[in-house]
There are 2 protein chains.
Amino acid sequence: MFKGLPKVLVVDDEQDILEIIRHSLAKEGFEVHIAANGAQAVEQAKKIKPEIIIMDVMMPVMDGMEACRQLKGFPETQNIPVIFLTARSEEFAELAGFEAGADDYISKPVRNRVLLSRLKAILRRRNTLSTPEPEKYDFGNLKIDRERYVVEYDGKTLQFPRKEFELLSFLASRPGRVFSRDEILENVWGNEVLVVDRTIDVHVRKIREKLDDKFIYTVKGVGYKFES
Amino acid sequence: MFKGLPKVLVVDDEQDILEIIRHSLAKEGFEVHIAANGAQAVEQAKKIKPEIIIMDVMMPVMDGMEACRQLKGFPETQNIPVIFLTARSEEFAELAGFEAGADDYISKPVRNRVLLSRLKAILRRRNTLSTPEPEKYDFGNLKIDRERYVVEYDGKTLQFPRKEFELLSFLASRPGRVFSRDEILENVWGNEVLVVDRTIDVHVRKIREKLDDKFIYTVKGVGYKFES
DNA sequence: TTCCTTTGTGACATAATGTTTAAAGGATTG
DNA sequence: CAATCCTTTAAACATTATGTCACAAAGGAA
């Protein structure tokens, strides 16, 4: 877990882009630092130890590739994930950015949503390594094992498809509590929801089928809840 | 929590787009207001105090940028989130927009799902900040659990239909206090609903049936009250 | 008491909501 | 790259909740 706001270092020689990214990340609760070229980036990175670096590939003085290589060479910066910004997506493969140690890349023009979600994904990945969440729910004849991604019901071990598993385990994370379809969409499908809420009903049906209509109950006009 | 439907102000000079958005938002349960240019938007916003504003950037008379700047200047409107619609995800528009105080932007053509999910995300963010409601009322042999949406009476757990549950829990939120039918309609049904007030009587009767005529009492000529 | 207003009741229509099935399109896997 | 399994949508179907009515009952005021 971070102390205070997570720090991000944004590196680009174009002032406009720098500003856009800075602004939107700041609003999302990051502490944003900036650099205009690779050399500055390396220098900054050593000093402020950001949790993550977002860097343009094409820059004067020292390009992103070279900066990334250098960062991976210093012990104090080598574990900081780097996201590359490239003009087009094809470019990246040719330039072999992964060999330079990049963790991800995003092609321009940058959409804030995309950037943010990648960013959060990477940070989350790091966090979960050191933040073990409750990995197993036990309701007697029903056990939900988040680590192994399986459901045990009446002694039998069932392999649920991903969405069904996540839906069930979300509802089960707070037994009794009624969740509206909107809440479910936001938590199981994610922020950028592009799914009709009827979809939930279908998944619920499938889960019920497997669990003999137990555990998931409808509260008409409100939503669904889990109860054992 | 809102009384009635959340209000949205949609601003666009193109009649078609206005209509499309209005229609789909109305269907999702928003009270939709419209304006055709920035000047109207500012005027409307002050008057109706919408929970959120969706505004085209390019408009005659006063463009979205300028309107947004003005809105952020007035104390009564400065906290209303603004979502911009841009013709393309032009970086310039995006940058300038954020500086003008926009909270988000969406590039045309607008997909209803995207619009809706952003909208809800923003509203939810605001709501959860200011909604620390009590989730459980306890009156001895009667407990009302708003989180689970159930009523426990004499040890038995009862599933109330939504309106009945909300009516009971509204009355129970201030035991002893008499509420007129108008007050009840406003709080349980919402401002804009047109329902005959005798409807309340019918619901009261159903609740009494389930609770053995206890808890809800008539104050003739005035209204109803809850007492344990 | 008698009249008049307000509230309670049961039945009913229909609006709202949830369930189920089928099928198309995507993603994944061998 | 074919086969399979997921995910999502749409549409038909089923169910329940909600609102309205007509009339009965209760309560007050003259």
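Lettering of chains follows the sequences in order, A, B, ..., and the numbering in each one begins at 1. This is a predicted model, so every value here is computed, not measured.
When all heavy atoms of B:Val188 and B:Lys163 are compared, the pair lying nearest together is O-CE, 3.9 Å.
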Distances under 3.5 Å between nitrogen or oxygen atoms of protein and nucleotides 20-25 of chain C:
| from | atom 1 | to | atom 2 | distance (Å) |
| --- | --- | --- | --- | --- |
| C:dT21 | OP2 | A:Arg205 | NH2 | 2.8 |

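When the options A:Tyr224, A:Trp189, A:Phe170 are evaluated for a ring pair (Phe, Tyr, Trp, His ring centres under 6.0 Å) with A:His203, the one that passes is A:Trp189. The ring pair (Phe, Tyr, Trp, His ring centres under 6.0 Å) test with A:Phe226 is passed by exactly one of A:Phe179, A:Phe139, A:Tyr217: A:Phe139. None of B:Asp197, B:Thr199, B:Asp201 except one satisfies the side chain to side chain donor-acceptor pair (under 3.5 Å) rule with B:Arg181; the exception is B:Asp201.
Atom pair A:Ile200:CD1 and C:dT17:P shows a separation of 15 Å (rounding to whole Å applied). The nearest whole Å value for the distance from the CG atom in B:Leu167 to the P atom in D:dG19 is 11 Å. Rounded to whole Å, atom P of C:dG8 lies 15 Å from atom CG of B:Leu211. In this entry the distance linking CZ of A:Arg181 with C1' of C:dT19 reads 10 Å, nearest Å. Summarising the geometry, the separation between OH on A:Tyr224 and P on C:dT17 is reported as 13 Å, rounded to the nearest angstrom. One can place NZ of B:Lys210 at 15 Å from C1' of C:dT9, the figure rounded to the nearest angstrom. Look at CD1 on A:Ile184: it is 16 Å from C1' on D:dT8, rounded to the nearest Å. In this entry the distance linking CG of B:Asp197 with P of C:dG8 reads 12 Å, nearest Å.
Salt bridge absent: B:Arg208 and B:Glu164 never bring a charged side-chain N and a carboxylate O closer than 4.0 Å. Ion pairing between A:Glu152 and A:Arg148 holds under the 4.0 Å rule for side-chain N and carboxylate O.
A cation-pi contact, defined as under 6.0 Å to the ring centre and within 45° of the axis, links B:Lys210 to B:Phe160.
The phosphate of D:dT18 has neither OP1 nor OP2 within less than 4.0 Å of any side-chain N or O from B:Trp189. For D:dT20, the OP1/OP2 oxygens have a side-chain nitrogen or oxygen of B:Thr199 closer than 4.0 Å.
At the heavy-atom level, A:Thr218 lies under 4.0 Å from the strands shown only through sugar-phosphate atoms.
Of the residues in residues 158-166 of chain B, B:Pro161, B:Arg162, B:Lys163 come within less than 4.0 Å of DNA chain D through at least one heavy atom, sorted by number.
Remark: side-chain polar atoms of B:Lys7 are paired, donor with acceptor, to backbone N or O of B:Ile48 under 3.5 angstrom.
A side-chain donor-acceptor contact under 3.5 Å links B:Glu166 and B:Tyr149.
The side chain of A:His203 lies closest to D:dT7 when the candidates are D:dT7, C:dT5, C:dG18.
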